[in-house]
Amino acid sequence: MRTRFAPSPTGYMHIGNLRTALYEYLIAKSNGGKFILRIEDTDQERYVEGAMDAIFNTLEMTGIKYDEGPYVGGDYGPYIQSERLHLYKKYAQELVDKGEAYYCFCTKERLDSLKKSAAELGDALNYDRHCFYLDKEEVEKNLRNNVPHVIRQKMPTEGTTTFHDVVYGDITIENKTLEDQVLLKSDGYPTYNFANVVDDHLMKITHVVRGNEYLSSTPKYNLLYSAFGWEIPTYIHLPPVMKDQHTKLSKRHGDASFQDLVERGYLPKAILNYIALLGWSPKDTEEIFTLEELEKSFNLDGLSKSPAIFDIEKLTWMNGEHIRRMDLDEFYDVARPYIEKGTNSSLTEEQMKKIAGLIQKRTEVLTEIPGKISFFAELPDYDIQIYVHKKMKTDLENSLTYLKEGFDYLKEAQDFTSNSLYEGIKELAAKLGCKNSQILWPMRTALSGVEVSPGGATEIAEILGKEESLKRMEYGISKLGG
RNA sequence: GGCCCCUUGGUCAAGAGGUUAAGACACCGCCCUUUCACGGCGGAGACACGAGUUCGAUUCUCGUAGGGGUCACCA
């Protein structure tokens, strides 16, 4: 089994594209097959500098490895279409010789006017097949004079064409709705319609996987395969990934690309996991998968045929899920830049690692880290009203009292670790006859200066260290008028 | 507009004639708890509509409606 991902380098890699690549990869890999990358750069006008690198980088970051493709090579190269021009020319000529295609010298003006009148008449077809009726001498004369021309495929005018698609089943269309499509453009480049057939055949692609926008042109490709006498591949068309009920997710509408999501704090593996589930569902109810696990579980009949809306909230949850499943070192590796950013790189390695431990279960997207932990580096200016907490049974008055008690305790504490401090404070509360929270809440507040913090009073104290903790406690006491 | 395709809670989705119509996100409540998270338990919430086939349709058929795609020298 051989599948291919055939993007055109016209911009950045968007989510729908990436999902197609993923499925193509998974379909091949779950069957022990090969996954091929082919660049479809046959539109010179839409070519975007750097777009090819975006494709390579994205595949690299996600771990989707191709067995054959640009740079890595393979037995069926080159894998960039602009380097295969001679092939398309040769095969187009073959079709002309067989009478399956013909030269067309029509000008753009003539084509435009045909299109206009067809639109007015409500005709399905635009082209009137004018050049098909040119006699041989005239064609040759035009060719000799270098009159610009294209090569068109001659479509049958009656009958129907049926093809089978793995997800959509049998689809039949009437041949008379098919236009004599252009195979070779006047600039010598093939159209997608032609190049994909030639290349898929030459590269021995067994399963053609692509978006379902190609569903309606697939009969044309089959006609091409038959004209050549080539074997028709298995088709697997995929429903689109939507932004909402009405519009597809696309870079054009400013929707997030893979790269954008990574910059927003999403892990490549979580993105991959999430999009795998947009249009495919596993046999059981497990939803968290690594790429390797997907390779094992993937199966064709889990593919669905209706569009799926991209839900950033679920991706966010899933990202958190992947974060929680990392071991601390792995998490620290990805979180460290964000911790440094939030603390201006003012903390020690040891402190940062402890912070990582505190925030791992509280992080869904990496970019939320800096804001959550900046108080470790610098005590923010805070309103003393946050000492008042109904559920903790604290008010301004008892906060001051217990803060002083807490301060005295911390000052004498020998073992400045969270557990030890926590035990000590519990004893203190028992001795004072108050609730644990009546000491801990004011302490947490004084130590952090924020209403909500990752970690409680003693965890923060441990990271801050004795000196800084006492300083902050003192400041809190003075703020409360003590 | 012609042709093709799609339609289960707000979202992702399982189910393919007889089910209390799974599960997940989000939402709500409770529990756990040194705040917040995490975790645990529970709740609310769906078969687009109309015919037909059938003892019985979410499931099959046909219509209707809604949505999408496609009709390029773009892919």
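In what follows, chains are A, B, ... by sequence order, proteins preceding strands, each numbered from 1.
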Rounding to an integer number of angstrom, what distance separates [N] and [M] when you compare their [atom1] atoms?
N: B:rA16; M: B:rC73; atom1: C1'; answer: 46 Å
N: B:rG50; M: B:rU58; atom1: P; answer: 11 Å
N: B:rA44; M: B:rG29; atom1: P; answer: 15 Å
N: B:rA48; M: B:rU59; atom1: P; answer: 8 Å
N: B:rG15; M: B:rC71; atom1: P; answer: 33 Å
N: B:rG45; M: B:rA21; atom1: C1'; answer: 13 Å
N: B:rC25; M: B:rA14; atom1: C1'; answer: 16 Å
N: B:rU19; M: B:rC47; atom1: C1'; answer: 13 Å

Indicate, with a heavy-atom threshold strictly under 4.0 Å, whether [X] touches base, sugar-phosphate, or nothing.
X: A:I439; result: nothing
X: A:S306; result: sugar-phosphate
X: A:K314; result: base
X: A:T10; result: nothing
X: A:N196; result: nothing
X: A:G279; result: sugar-phosphate

If you assign A:E313 and A:I309 each to the RNA chain B nucleotide with the nearest heavy atom, which residue ends up on the more 5' nucleotide? A:I309

By nearest atom, which of the nucleotides [options] is closest to the [X] side chain?
X: A:R444; options: B:rC5, B:rU35, B:rA75; value: B:rU35
X: A:V182; options: B:rA24, B:rA14, B:rC73; value: B:rC73
X: A:K391; options: B:rC25, B:rA75, B:rU33; value: B:rU33
X: A:W441; options: B:rU35, B:rA75, B:rG69; value: B:rU35
X: A:E287; options: B:rG69, B:rA14, B:rG23; value: B:rG23
X: A:T191; options: B:rA24, B:rG23, B:rC74; value: B:rC74
X: A:I173; options: B:rC4, B:rC12, B:rC74; value: B:rC4

Quick one: closest heavy-atom pair of A:K185 and A:T42, and the distance? NZ-O, 2.9 Å

Quick one: [X] [atom1] to [N] [atom2], roughly how many Å, whole number?
X: A:I39; N: B:rA75; atom1: CD1; atom2: P; result: 14 Å
X: A:D284; N: B:rA24; atom1: CG; atom2: P; result: 13 Å
X: A:E174; N: B:rC5; atom1: CD; atom2: P; result: 12 Å

Distance check: side-chain N/O of A:T42 vs OP1/OP2 of B:rA75, anything under 4.0 Å? yes

Are [X] and [Y] close enough that their ring centres sit under 6.0 Å apart?
X: A:Y382; Y: A:F375; answer: no
X: A:H149; Y: A:Y103; answer: yes
X: A:F258; Y: A:Y12; answer: no

Could you run through RNA chain B and flag its stems, i.e. three or more consecutive Watson-Crick or G-U pairs with both distances under 3.5 Å? B:1-7 with B:65-71, B:10-12 with B:23-25, B:27-31 with B:39-43, B:48-52 with B:60-64

